[in-house]
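Have a look at the structure below, then the notes.
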Number of protein chains: 2
Amino acid sequence: MRKIYHLAVEATLDIIRGKWKLRILCHLGNGPLRTGELRRLMPGISQKMLTQSLKDLENAHIVNRRSYNEVPPRVEYSLTERGMSLRNILLEMSDWGTALVKEQQEEGDDVKILNTNDDGFRNMGNEDK
Amino acid sequence: MRKIYHLAVEATLDIIRGKWKLRILCHLGNGPLRTGELRRLMPGISQKMLTQSLKDLENAHIVNRRSYNEVPPRVEYSLTERGMSLRNILLEMSDWGTALVKEQQEEGDDVKILNTNDDGFRNMGNEDK
DNA sequence: CAGCATCCCGAACGATACTG
DNA sequence: CAGTATCGTTCGGGATGCTG
């Protein structure tokens with residue numbers, strides 16, 4: 001099945017499409033994580049969406065999936081080189097978004113960003129509320 | 001109604017969310033356009049989606065709506081300063097997306113970008129197929 | 001523990017008809 | 001010509017149960 005984009009930007013957006021992929025990438029930016037760890041870092045995500053999102057990212061060679069043949073099963077995910085390069089773009093989008101929200105707040109809009117770390121996308125770290 | 005983002009990047013993505021906003025911004029990058037002109041540049045878009053997308057962009061202060069009191073009605077849309085600054089981000093995303101698709105094609109993926117201008121997002125110009 | 005399959009709901013999108 | 005209103009469809013996403 002052929003994928004057709006009207007603009008190159010759409011190819012980039014296609015990678016991070018959906019509700020959870022960004023946050024997954026954000027967490028993986030701090031280093032490899034197991035499935036269960038990702039799950040705990042993102043309360044609210046369903047098993048289905050986690051698996052599905054990770055599979056999409058793996059197919060796009062953004063994350064690496066490493067499966068250890070152990071009992072119980074153990075699977076680790078990490079960023080690929082391509083994933084790391086995407087991170088740079090996301091950092092710029094993060095900066096722009098931060099500035100935008102600040103302006104919107106000054107304009108009186110009722111908007112908020114939960115993760116207000118200084119380094120934005122670089123290090124999410126803290127928990128979701 | 002409060003808007004809550006987990007990451008600042010999501011605020012940026014929220015601006016260009018949807019099927020048509022990117023392409024609208026792309027066309028407006030070449031200069032102001034009337035409603036009907038935008039419509040003709042994007043065959044396939046419905047009256048509803050065009051109006052709705054433009055309204056969203058206007059509310060976010062990304063595009064400017066100028067209405068002339070004439071008969072027949074005449075309305076022109078253009079990029080705001082904020083819209084212009086967004087454009088810079090989109091250009092980087094475009095470059096990254098272009099490189100990505102190129103790699104994907106080399107990997108054998110069946111993927112294509114319709115608008116293959118050298119300047120990517122900078123000047124869409126040609127028609128949609 | 002990690003992943004798959006199924007069902008269900010709501011938001012986004014599309015088609016059409018109508019108004020100033 | 002530009003915009004509104006309404007209706008129907010599609011698709012992303014949530015909940016749950018089952019398998020290796």
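To find a chain, count down the sequence lines: A is the first, B the second, and so on, and within it residues start at 1.
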Under 3.5 Å donor-acceptor, A:Thr98 side chain and B:Ala8 backbone = no

Determine the contact category for A:Tyr68: base if any of its heavy atoms lies under 4.0 Å from a base atom, sugar-phosphate if only primed atoms, P, OP1 or OP2 are that close, otherwise nothing.
-> nothing

Would you name the heavy atoms of B:Ile113 and A:Leu7 that are closest together and state the gap between them?
-> CG2-C, 3.9 Å

Dump the pairs, protein N or O against N or O of nucleotides 15-20 of chain D, anything under 3.5 Å, distances to one decimal.
none

Any A:Thr35 side-chain nitrogen or oxygen under 4.0 Å from OP1 or OP2 of C:dG3 | yes

Could you give the CZ-to-C1' distance, from A:Arg66 to C:dA2, as a whole number of Å?
-> 17 Å

When the distance from CD of A:Gln52 to C1' of C:dA5 is rounded to whole Å, what number comes out?
-> 12 Å

Closest non-hydrogen atoms of B:Trp96 and A:Arg82, given as atom of the first, atom of the second and distance, are CZ2-O, 3.8 Å

In whole angstrom, what separates B:Leu38's CG from D:dC1's C1'?
-> 13 Å

Do A:His6 and B:Arg23 have a side chain donor and acceptor closer than 3.5 Å?
-> yes

Atom pair distance, as rounded to whole Å: CG in B:Leu50 and P in D:dC1 | 14 Å

Taking all atoms of both residues into account, what is the closest heavy-atom pair of B:Arg17 and B:Asp14, and its distance?
-> NH1-OD1, 3.2 Å

Whole-Å gap separating P (D:dG12) and CG (A:Leu13) | 15 Å

Check for a donor-acceptor pair, side chain of B:Thr12 on one end and backbone N or O of A:Gly97 on the other, with a separation under 3.5 Å.
-> yes

With a 4.0 Å cut-off on heavy atoms, is B:Arg34 in touch with a base, just the backbone sugar-phosphate, or nothing at all?
-> sugar-phosphate

Could you state the atom-to-atom distance from CD1 of B:Ile45 to P of D:dA2 in whole Å?
-> 13 Å

Check the distance between D:dG13's P and A:Met49's CE and give it to me in whole angstrom.
-> 5 Å

